Every structure is written in structure tokens, then in C-alpha cells.
K.L.:
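Supplied in C-alpha cells, the structure appears directly below.
Quick caveat, the model's predicted, so the values are computed rather than measured.
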Amino acid sequence: MNYWLLKSEPDEFSIDDLKKNKTTHWDGVRNYQARNMMRDQMKKGDLAFFYHSNTDVPGIVGVMKVVREGYPDHTAFDPDDKHYDPKSDPDKPRWFMVDLRYMRKFKKTIPLAVLREFAGKELADMALLRKGNRLSVMPVSKTQWDFITTLSD
DNA sequence: GCCAACGTTGGC
DNA sequence: GCCAACGTTGGC
């Protein structure tokens with residue numbers, strides 16, 4: 001079983017939207033590294049942190065679970081979609097997504113700034129805290145997962 | 001294959 | 001709004 005962290009801008013799609021909808025497809029990822037993880041490595045039953053980016057207090061806001069493994073991201077085929085990519089052919093899809101189910105929302109956000117306090121310690125080598133990291137999908141180790149969970153309510 | 005130009009991400 | 005970091009594109 002693996003653990004993940006997935007970023008979303010709350011203005012686009014927030015933990016509250018997920019809570020309301022129960023499940024979602026994590027569409028719109030247009031980065032090969034992130035694509036590969038969703039297509040090849042994320043498995044049913046894996047858990048993922050929901051991270052709010054590009055907002056006043058960026059940080060981890062809750063937990064969700066993978067309920068469907070990688071399959072083609074159909075939004076890439078739709079010319080009217082914001083994430084349309086003419087180079088993704090339905091016969092040979094370039095982009096993939098997974099389905100996620102809401103598990104829980106933390107009472108308080110665990111801010112990025114707080115996670116950084118543990119950068120040299122419990123959260124050493126965490127992908128999220130690496131300089132210049134812009135991946136929207138990244139792995140979390142079990143150790144990191146367990147530690148971060150102790151920071152939540 | 002190199003690399004400059006450009007676009008995007010995302011914290012601050 | 002600024003800007004550092006990174007990814008992608010495309011000419012050569």
C-alpha cells in the first residue's frame with residue numbers, strides 16, 4: 001500500500017467540493033512525472049493527502065482514498081475543456097487520471113510552513129519540501145504519512 | 001542533441 | 001504582483 005499527496009487549487013477544486021461530491025476523477029494533470037505515477041503506481045486502496053496550493057494558507061487539508069486506478073483523462077479530448085490537449089489521441093491517450101473518494105477533512109489545515117519546521121527531521125527528504133518542487137502528484141513514505149497524521153486533529 | 005525562449009507553478 | 005524553479009517547445 002502506498003501513500004500520496006495531491007495538490008489542487010481550492011478555487012478550482014477544494015476538499016469541501018470533494019466532501020460534497022464524495023468521489024472525483026483527478027483530471028487535468030498535464031505533467032509526465034505526475035502522469036506516470038497516476039497511470040502506473042497508484043493502486044486501489046492507497047491513501048492520499050489533499051493539499052491546497054495557491055491559497056492564503058497552503059497546506060494539507062484532509063485525506064482521500066484511491067477507488068479507481070489509472071485510466072485515460074477524457075478531458076484531454078474535449079476542445080472546450082480547459083485542459084484540452086490535441087496531442088492526446090483517444091486511441092493512444094497521453095494523459096491519465098484516477099478516482100478518489102473523500103475520507104476526512106482535518107479540523108485545521110496543516111500549513112506548509114509547519115511541515116517545513118520538520119524538514120531536517122521527521123520529514124527529511126519529503127518530496128513536497130524539496131526546493132523548486134512543482135509536481136502536483138507526489139509520493140509520501142509511510143513514515144512521513146504517520147508523522148503528518150500525528151499533526152492533524 | 002543543444003539550448004534559448006517561453007509558459008506555468010506556486011510560495012510569498 | 002513578483003519571481004525562482006522547472007518543463008516544454010522548436011530552431012539549428
Side-chain angles (χ1 to χ4, degrees), chain A residues 2-21 24-42 46-64 66 70-100 102-141 143-145 147-153:
Chain A
N2 291 310
Y3 300 89
W4 306 95
L5 180 145
L6 304 185
K7 292 182 188 171
S8 178
E9 302 190 12
D11 286 349
E12 300 284 327
F13 186 78
S14 72
I15 184 93
D16 291 320
D17 294 323
L18 179 64
K19 187 174 183 178
K20 208 170 358 169
N21 300 349
T24 189
H25 26 246
W26 206 263
D27 60 68
V29 173
R30 298 290 181 267
N31 168 283
Y32 289 105
Q33 254 183 285
R35 188 277 311 266
N36 292 347
M37 287 187 267
M38 290 203 298
R39 187 190 57 189
D40 306 329
Q41 292 175 254
M42 292 181 74
D46 285 0
L47 295 176
F49 285 132
F50 195 129
Y51 179 93
H52 279 176
S53 66
N54 246 317
T55 185
D56 43 347
V57 182
I60 297 172
V61 293
V63 176
M64 49 196 169
V66 177
Y71 63 105
D73 180 345
H74 57 77
T75 66
F77 310 139
D78 178 3
D80 294 329
D81 194 277
K82 189 180 166 192
H83 301 289
Y84 175 57
D85 181 357
K87 291 175 192 155
S88 187
D89 186 321
D91 293 328
K92 206 178 169 223
R94 173 177 293 203
W95 304 114
F96 286 74
M97 60 188 179
V98 297
D99 286 359
L100 294 148
Y102 172 84
M103 298 295 286
R104 71 187 181 106
K105 178 186 174 180
F106 299 152
K107 289 199 185 66
K108 281 186 187 166
T109 300
I110 304 173
L112 177 61
V114 167
L115 297 172
R116 282 202 197 289
E117 292 171 17
F118 303 98
K121 297 165 275 185
E122 289 88 344
L123 299 180
D125 301 322
M126 189 178 180
L128 178 72
L129 304 179
R130 276 204 284 269
K131 190 180 171 188
N133 168 70
R134 302 184 326 180
L135 270 184
S136 61
V137 177
M138 52 194 128
V140 175
S141 74
T143 313
Q144 292 160 358
W145 181 276
F147 177 72
I148 292 168
T149 300
T150 67
L151 300 177
S152 72
D153 39 80

K.L.:
Return the orientation label for the A:Trp145 and A:Tyr3 ring planes: parallel under 30°, perpendicular over 60°, tilted otherwise.
P.N.:
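Rings of A:Trp145 and A:Tyr3: tilted, 30 to 60°.
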K.L.:
Counting N and O atoms only, with roles assigned by atom type, does the side chain of A:Asp27 sit under 3.5 Å from a partner on the main chain of A:Thr75, one being a donor and the other an acceptor?
P.N.:
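No.
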K.L.:
Give, ordered by number, those residues of residues 46-53 of chain A having at least one heavy-atom distance below 4.0 Å to an atom of DNA chain B; if nothing qualifies, reply none.
P.N.:
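Listed by number, they are A:Tyr51, A:Ser53.
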K.L.:
Residues of residues 121-135 of chain A with any non-hydrogen atom less than 4.0 angstrom from an atom of DNA chain C: list those, numerically ordered, please.
P.N.:
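Heavy-atom contacts with DNA chain C come from A:Lys131, A:Gly132, A:Arg134.
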K.L.:
Can you list every pair that meets side chain to side chain donor-acceptor pair (under 3.5 Å) and has a residue in residues 115-131 of chain A, with sequence neighbours left out?
P.N.:
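Not a single pair qualifies under side chain to side chain donor-acceptor pair (under 3.5 Å).
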K.L.:
Under the side chain to side chain contact (heavy atoms under 4.5 Å, CB included) rule, collect the residues that match up with A:Ala76, sequence neighbours excluded.
P.N.:
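Scan of A:Ala76 (side chain to side chain contact (heavy atoms under 4.5 Å, CB included), adjacent residues dropped) gives A:Arg30, A:Asp85, A:Ser88, A:Trp95.
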K.L.:
Is there a side-chain contact between A:Pro139 and A:Trp4 (heavy atoms, below 4.5 Å)?
P.N.:
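Result yes, sub-4.5 Å side-chain heavy-atom pair found.
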K.L.:
To check you understand the geometry: which heavy-atom pair defines the closest contact between A:Met38 and A:Met97, and what is its length?
P.N.:
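Answer, listing the atom of A:Met38 first, then A:Met97: CE-CA, 3.9 Å.
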K.L.:
For DNA chain B, note the earliest and the latest nucleotide, 5' to 3', having some atom under 4.0 Å of a heavy atom belonging to chain A.
P.N.:
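Contacts span B:dG7 to B:dC12, reading 5' to 3'.
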K.L.:
Against A:Phe50, only a single residue in A:Val61, A:Leu100, A:Val63 fulfils side chain to side chain contact (heavy atoms under 4.5 Å, CB included); can you say which?
P.N.:
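It is A:Val61; the other options fail the test.
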K.L.:
Do A:Arg134 and A:Asn31 come close enough that some side-chain heavy atom pair is under 4.5 Å?
P.N.:
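No, every pair of side-chain atoms sits at 4.5 Å or beyond.
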K.L.:
Where do A:Gly70 and A:Val98 come nearest, in terms of heavy atoms and distance?
P.N.:
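Here A:Gly70 and A:Val98 meet closest at N-CG1, 3.7 Å.
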K.L.:
Show your reasoning for whether side chain to side chain contact (heavy atoms under 4.5 Å, CB included) applies to A:Val29 and A:Asp73.
P.N.:
CA-CA 9 Å; A:Val29 173; A:Asp73 180 345; 5.8 Å; no
K.L.:
By nearest nucleotide on DNA chain C, pick out whichever of A:Asn54 and A:Asn31 is the more 5' one.
P.N.:
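Between the two, 5'-proximity favours A:Asn54.
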K.L.:
Within residues 110-119 of chain A, which residues have any heavy atom lying less than 4.0 Å from an atom of DNA chain B?
P.N.:
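Only A:Leu112, A:Arg116 qualify.
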K.L.:
Quick one about A:Ser14 and A:Asp17 (side-chain donor to acceptor, distance below 3.5 Å, no hydrogens or angles considered), yes or no?
P.N.:
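Yes - a donor-acceptor pair under 3.5 Å links their side chains.
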K.L.:
Side chain of A:Glu12, backbone of A:Glu9: donor and acceptor closer than 3.5 Å?
P.N.:
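A pair under 3.5 Å: no.
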